Protein chains: 2
Amino acid sequence: MQKQDSDINLTACHDISDDEVVLSGIEVLQRHYGRLSDVCVKDLAQCISVARFGKSEVIIEMGAVADDLFFLRQGSARAYYLKDGREITDWFAFEHDFICAINSFYTQNPSPHYIASIEPMVAGVIHAPDMQMLCRKHHDFEHLCRNITTDTMLRLQQRIVALQFESAQQKYENLLVKYPEITNRVAVGHIASYLGITNETLSRIRHKRAS
Amino acid sequence: MQKQDSDINLTACHDISDDEVVLSGIEVLQRHYGRLSDVCVKDLAQCISVARFGKSEVIIEMGAVADDLFFLRQGSARAYYLKDGREITDWFAFEHDFICAINSFYTQNPSPHYIASIEPMVAGVIHAPDMQMLCRKHHDFEHLCRNITTDTMLRLQQRIVALQFESAQQKYENLLVKYPEITNRVAVGHIASYLGITNETLSRIRHKRAS
DNA sequence: CATTTCAATTGATATAGATCAATTTAGGAA
DNA sequence: TTCCTAAATTGATCTATATCAATTGAAATG
């Protein structure tokens, strides 16, 4: 089932060539996180590969040391872990977002997270050792990476505020402000666990809003 | 009251000289986050000042653009914000921890957070523009800062997991594992809001545990 | 196109934790 | 020491959200 899905979606994604993914990806990164020298861009391009996945494919398994960092160019993905056998989604990524098994990528420990595609997706991939190497070699790349990490840190900070003392309704409203079209792209169940509430509660909140 | 407290505690902290705070602080930083060249250490030492506060002093007011980053050498502090007039503690810092108005420090926007000392504290201070300057000038310092940010990011990630789906009891137990002596140093009320629960609930949990 | 399967919704009930109110305790000031 | 203020505890409810169970809906499969 996964196989067939994947094939179908692969073709659907062939409008973007690998080179396009890498080059336009690097351009977007520079715009968001800091300019790179030409030498650095060349080195970086060498280290990036392209990954394509169909709908709902598991990309990283829990328990593995996962040193891939994905930068999405199309589609969407999520990171999740299991709590009492139930999937809890921790992170969403859409176009221009990063996703990785955050603990594993930065500490080389086995990942408590799974990563899976949601929609068919295309992403640039870099491996942790390559990133380290590029950081050591190019000061401007280390600067860019620091900016990315800072940005991620600030987002996580925001989420903590949301989870710490907001009602289920408030959390959902805030999510919709940040990602207005998330409900068209992501299963409601994933959104619920992301907000720290049950499917049923989210369903009722959505019902109230609709009426 | 704040004034008098402060005077008393200032004297209590005079066992560490300013130079000691700066130099041993830089040493600790290097041990945790990466070695620096001698030139860099010299430059960095130039940019660090020392701040001393008494018990329960407000260090940063909400609404201010706060570009101070504190590295604690003694005592403790917390960051908090107001939600419906109630203080919600967001972050604790003890010896060897950083604390700043995280949003303000990294984005130069007015801070939604207050920062206050808990116990009398001594800290090294660096200003955001100086940090930026040092990052630009010294690749090794930028590397160190990236490591600090990465570390902070991973901690925030851990807290999200804790807040997302754990019971009040579980959250308290986990906190005690991480900071076994926190209850001797921090008011129970601050701990409660940090965990996203009310004072009363935490009090009852503590009662159950004690028996 | 029919069938299977999984996700979402809806309903009924249970409960963890919030809220409100009253006491007790403890740390700082006189 | 004694007083005073604020924090912590304890008790009695209340409520938002979880849980359990059943039904509906929609997408994937043959």
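Each chain gets a letter, A, B and so on, in the order its sequence line appears, and its residues count up from 1. Everything numeric in this text was worked out from a predicted model, so none of it was measured.
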Practice task
Compare side-chain N and O positions of A/Thr198 against OP1 and OP2 of D/dT17 and report whether any pair is under 4.0 Å apart.
Solution key: no
Handout entry: Interface residues of residues 165-191 of chain A with DNA chain C (non-hydrogen, below 4.0 angstrom)
Key = A/Ala187, A/Val188, A/Gly189
Problem - Heavy-atom side-chain proximity of A/Ile148 to A/Tyr33 below 4.5 angstrom - result: yes
Completion exercise
Those residues at least two apart in sequence (or on a different chain) that pass side-chain hydrogen bond (donor to acceptor under 3.5 Å, both in side chains) with B/Thr183 are none
Exercise for the section: Classify the side chain of B/Arg204 and the base of C/dT19 as holding, or not holding, a donor-acceptor pair under 3.5 Å. Expected result: yes
Practice task
With sequence neighbours left out, write down each residue that passes side-chain hydrogen bond (donor to acceptor under 3.5 Å, both in side chains) with B/Ser193, or none if nothing qualifies.
Solution key: none
Fill in the blank from the handout: Applied to residues 162-175 of chain A, the salt bridge (charged side-chain N to carboxylate O under 4.0 Å, His left out) test, sequence neighbours excluded, yields A/Glu173-A/Arg209
Practice task
Using atom CD1 of A/Ile205 as one end and atom C1' of C/dT10 as the other, report the distance to the nearest whole Å.
Solution key: 15 Å
Exercise for the section: Mind checking B/Ile197 for me? I need base, sugar-phosphate or nothing, with any heavy atom below 4.0 Å counting as a touch. Expected result: sugar-phosphate
Problem - D/dA18 OP1/OP2 closer than 4.0 Å to side-chain N/O of A/Thr201 - result: yes
Exercise for the section: Give a yes/no on whether any side-chain N or O of A/Lys55 is located under 4.0 angstrom from OP1 or OP2 of D/dA28. Expected result: yes
Practice task
Taking only the side-chain heavy atoms of A/Arg206 (C-beta and beyond), determine which of C/dT10, C/dT9, D/dG11 contains the nearest atom.
Solution key: C/dT9
Fill in the blank from the handout: Heavy-atom nearest nucleotide on DNA chain D taken for A/Gly196 and for B/Asn199; more 5' hit belongs to B/Asn199
Under 3.5 Å, which donor-acceptor pairs link side chains of residues 126-133 of chain A to any protein atom two or more places apart or in another chain?
residue, atom, partner, partner atom, Å
A/His127, ND1, A/Asp68, OD1, 2.7
A/Gln132, OE1, B/Arg146, NH2, 3.1

Show me, pair by pair, the donor-acceptor contacts under 3.5 angstrom made by side chains of residues 96-104 of chain B, not counting sequence neighbours?
residue, atom, partner, partner atom, Å
B/Asp97, OD2, B/Phe94, N, 2.9
B/Ser104, OG, B/Ala66, N, 2.7
B/Ser104, OG, B/Asn109, O, 2.6

Exercise for the section: Check the distance between D/dA21's P and A/Glu200's CD and give it to me in whole angstrom. Expected result: 12 Å
Completion exercise
Separation of C/dA18 atom P from B/Leu202 atom CG, nearest Å, is 10 Å
Practice task
Would you tell me if any nitrogen or oxygen in the side chain of B/Arg86 comes within less than 4.0 Å of OP1 or OP2 on C/dA18?
Solution key: no
